[in-house]
Amino acid sequence: MALLLSRCCAWNRRSGLARGALSACGLLNGCRDRETFAAGLPSAGEAGGAGARHRHALVKELHLHRRIYLNTTAYTKPDSLWRTPSRLMYTTRTKCCCNQVHSDKQYKNPYTLAQEDLKNLYDEIRRLLAVSSDLKDICDYYFDGKGKAFRPMIVILMGKACNLHHSKNRKLLKSQHSIGMIVEMIHTASLVHDDVIDGSDTRRGKITVNKIWGERKTCAQNWSTYTGSTSLYSNPLEIKAILAGDFVLSTASVALARLGNNAVVSIFTQAIEDLVRGEFMQLGSKENENERFVHYLEKTFKKTASLIANSCKAVSILGNCDPDVQEIAYQYGRNIGIAFQLVDDVLDFTACANQLGKPTATDLKLGLATGPVLFACQQFPELHALIMRRFSADGDVDQAWQYVQQSDGVQQTCYLAHQYCQEAIRQISKLHPSPERDALIQLTEIVLTRNK
């Protein structure tokens with residue numbers, strides 16, 4: 001699987017102009033202003049005014065990118081399955097491994113480097129959550145120490161890299177270590193809520209909390225017999241799973257307040273708001289294909305990348321770094337976060353369930369059009385109708401799956417993830433050399449070649 005993704009993420013070093021066009025579109029080098037692309041476009045419901053003008057300009061830039069890239073990159077129609085070239089992104093067919101993301105220099109393994117600081121992380125989280133005996137079993141189930149701890153690892157490495165850059169001292173501050181716990185708690189709480197909303201059966205290769213502590217259909221029907229309620233969450237056991245997520249989130253908020261840093265509190269408030277807005281955005285879609293892709297990337301930022309980006313910025317603030325370093329930390333987290341989710345969307349089409357830890361084609365079954373589908377829609381316009389009805393008709397999921405397999409949607413999405421990793425490397429390379437900085441560079445390759 002890693003080899004497949006490596007080949008899909010083909011990187012042509014001659015395509016610097018294309019990368020520049022992506023930057024011009026705001027896909028890579030988005031500024032932090034709330035009115036700009038990745039840090040938060042105007043809301044989906046906003047009509048007219050500056051928000052509408054901004055979106056119109058972005059669409060024009062996407063078409064400009066198409067013309068520039070098509071004129072500067074050799075494009076060959078490889079087979080009869082390619083009906084029309086994609087209007088949003090072009091990939092070259094150069095066979096090239098993902099290890100060409102950076103030089104041949106041997107970088108530090110990020111998991112090994114952060115292992116010492118991570119070894120007691122879940123024990124500390126469980127101690128924070130032990131104040132409630134009612135929810136202890138649910139909390140212990142999710143914080144069992146068997147997760148990848150991807151987000152805390154980034155926080156720890158970023159904290160040490162920023163500390164060395166600022167004061168030549170790599171030692172992680174206690175407050176920075178707390179950010180690693182907080183980000184994992186917020187992320188896990190969002191997973192518990194997502195599983196209830198989606199009715200998911202598995203998560204991280206395990207049965208979800210909502211399936212163990214309550215079955216949606218059967219128990220809800222039994223409960224409604226006694227209460228007369230038809231609420232989606234009328235199942236009292238399912239409500240317990242929701243409350244567990246709320247409890248984890250509230251405990252994280254208390255830990256955050258104890259840091260006593262208003263700037264960091266404000267940052268995480270924004271990250272939590274983005275999580276909620278991203279969930280709402282996932283419920284909607286756009287009819288125009290260019291707006292649909294912008295909507296998808298904005299949702300990807302809010303649901304996945306915002307928490308990573310803001311936690312990276314938080315540890316740089318706690319390390320008393322200057323604003324330029326804070327922005328470097330934020331942009332690294334933002335770009336690797338978006339790349340992580342893009343690869344996750346690819347794995348939904350390429351990984352088998354036992355690798356991914358959850359059933360494949362999950363997004364299609366939930367009515368979601370992710371990167372591979374949106375790119376495939378450029379070659380198979382028939383997908384448009386399926387997307388608009390959220391794959392709800394009989395056979396829609398299977399038909400969409402076939403279109404994606406016959407298109408270059410997976411390759412295009414991998415290529416885009418590769419571009420975001422390139423920008424993450426460019427940002428973090430501005431910091432002074434350190435084992436942690438090199439490990440963060442190495443992490444981009446791990447993100448691109450992961451199979452679960």
Side-chain angles (χ1 to χ4, degrees), residues 121-147 149 151-152 178-259 265 268-283 302-304 306-307 310-311 357-358 362 366:
L121 181 85
Y122 288 105
D123 291 335
E124 294 173 34
I125 290 175
R126 286 196 297 269
R127 280 197 292 271
L128 283 178
L129 298 171
V131 295
S132 173
S133 58
D134 292 341
L135 299 173
K136 183 178 184 302
D137 290 342
I138 298 179
C139 295
D140 288 350
Y141 183 76
Y142 262 115
F143 296 103
D144 60 0
K146 296 180 181 179
R151 290 157 184 80
S178 295
I179 295 296
M181 298 168 54
I182 290 167
V183 70
E184 184 68 0
M185 292 167 72
I186 293 174
H187 170 63
T188 301
S190 72
L191 296 185
V192 175
H193 288 158
D194 280 354
D195 289 340
V196 174
I197 292 171
D198 300 339
S200 301
D201 294 333
T202 58
R203 168 74 68 177
R204 296 171 173 173
K206 299 167 58 175
I207 301 174
T208 56
V209 162
N210 52 295
K211 285 296 176 182
I212 295 177
W213 277 269
E215 175 63 35
R216 172 185 292 250
K217 294 180 180 178
T218 304
C219 292
Q221 290 170 356
N222 293 339
W223 180 251
S224 63
T225 300
Y226 295 100
T227 64
S229 170
T230 58
S231 170
L232 177 63
Y233 303 120
S234 57
N235 173 3
L237 299 179
E238 190 174 65
I239 291 175
K240 190 172 183 179
I242 297 171
L243 293 176
D246 292 344
F247 174 64
V248 172
L249 185 60
S250 65
T251 305
S253 300
V254 171
L256 185 61
R258 285 174 180 163
L259 295 179
V265 171
F268 273 97
T269 300
Q270 181 62 61
I272 294 172
E273 179 186 334
D274 284 343
L275 277 171
V276 176
R277 289 185 179 275
E279 191 66 52
F280 272 101
M281 290 183 69
Q282 188 163 279
L283 300 175
K302 289 185 181 301
K303 279 207 68 177
T304 303
S306 176
L307 183 59
N310 282 295
S311 60
K358 61 182 179 181
T362 301
L366 291 173

Quick one: [atom1] on [X] to [atom2] on [Y], what's the gap to the nearest 0.5 Å?
| X | Y | atom1 | atom2 | value |
| --- | --- | --- | --- | --- |
| His187 | Leu191 | NE2 | CG | 4.0 Å |
| Leu128 | Phe143 | CG | CZ | 10.0 Å |
| Lys302 | Met281 | NZ | CE | 6.5 Å |
| Asp274 | Gln270 | CG | CD | 4.5 Å |
| Ser190 | Lys303 | OG | NZ | 7.5 Å |

### Query
Is Arg126 paired with Asp123 through a side-chain N to carboxylate O contact shorter than 4.0 Å?
yes
Which heavy atom of [X] sits nearest a heavy atom of [Y], and at what distance?
| X | Y | value |
| --- | --- | --- |
| Met185 | Leu129 | CE-CD2, 4.0 Å |
| Gly245 | Ala189 | O-CB, 3.3 Å |
| Leu121 | Met181 | CD1-CG, 3.3 Å |
| Ile179 | Ser311 | CG2-O, 3.9 Å |
| Pro152 | Val183 | N-CG1, 4.1 Å |
| Ala271 | Ser306 | CA-OG, 3.7 Å |

### Message
Quick one, Ile186 with Phe268, criterion side-chain contact (heavy atoms from CB on, under 4.5 Å). Give me CA distance, side-chain angles, the key distance, then yes/no.
### Response
CA-CA 9 Å; Ile186 293 174; Phe268 273 97; 3.7 Å; yes
Throw together a table of side-chain donor-acceptor distances under 3.5 angstrom for residues 251-259, partners on residues two or more places apart or in other chains.
| unit_1 | atom_1 | unit_2 | atom_2 | d |
| --- | --- | --- | --- | --- |
| Thr251 | OG1 | Phe247 | O | 2.8 |
| Ser253 | OG | Leu249 | O | 3.0 |

### Which residues share a side-chain hydrogen bond (donor to acceptor under 3.5 Å, both in side chains) with Thr304, sequence neighbours left out
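With neighbours one apart ignored, the set is Gln341.
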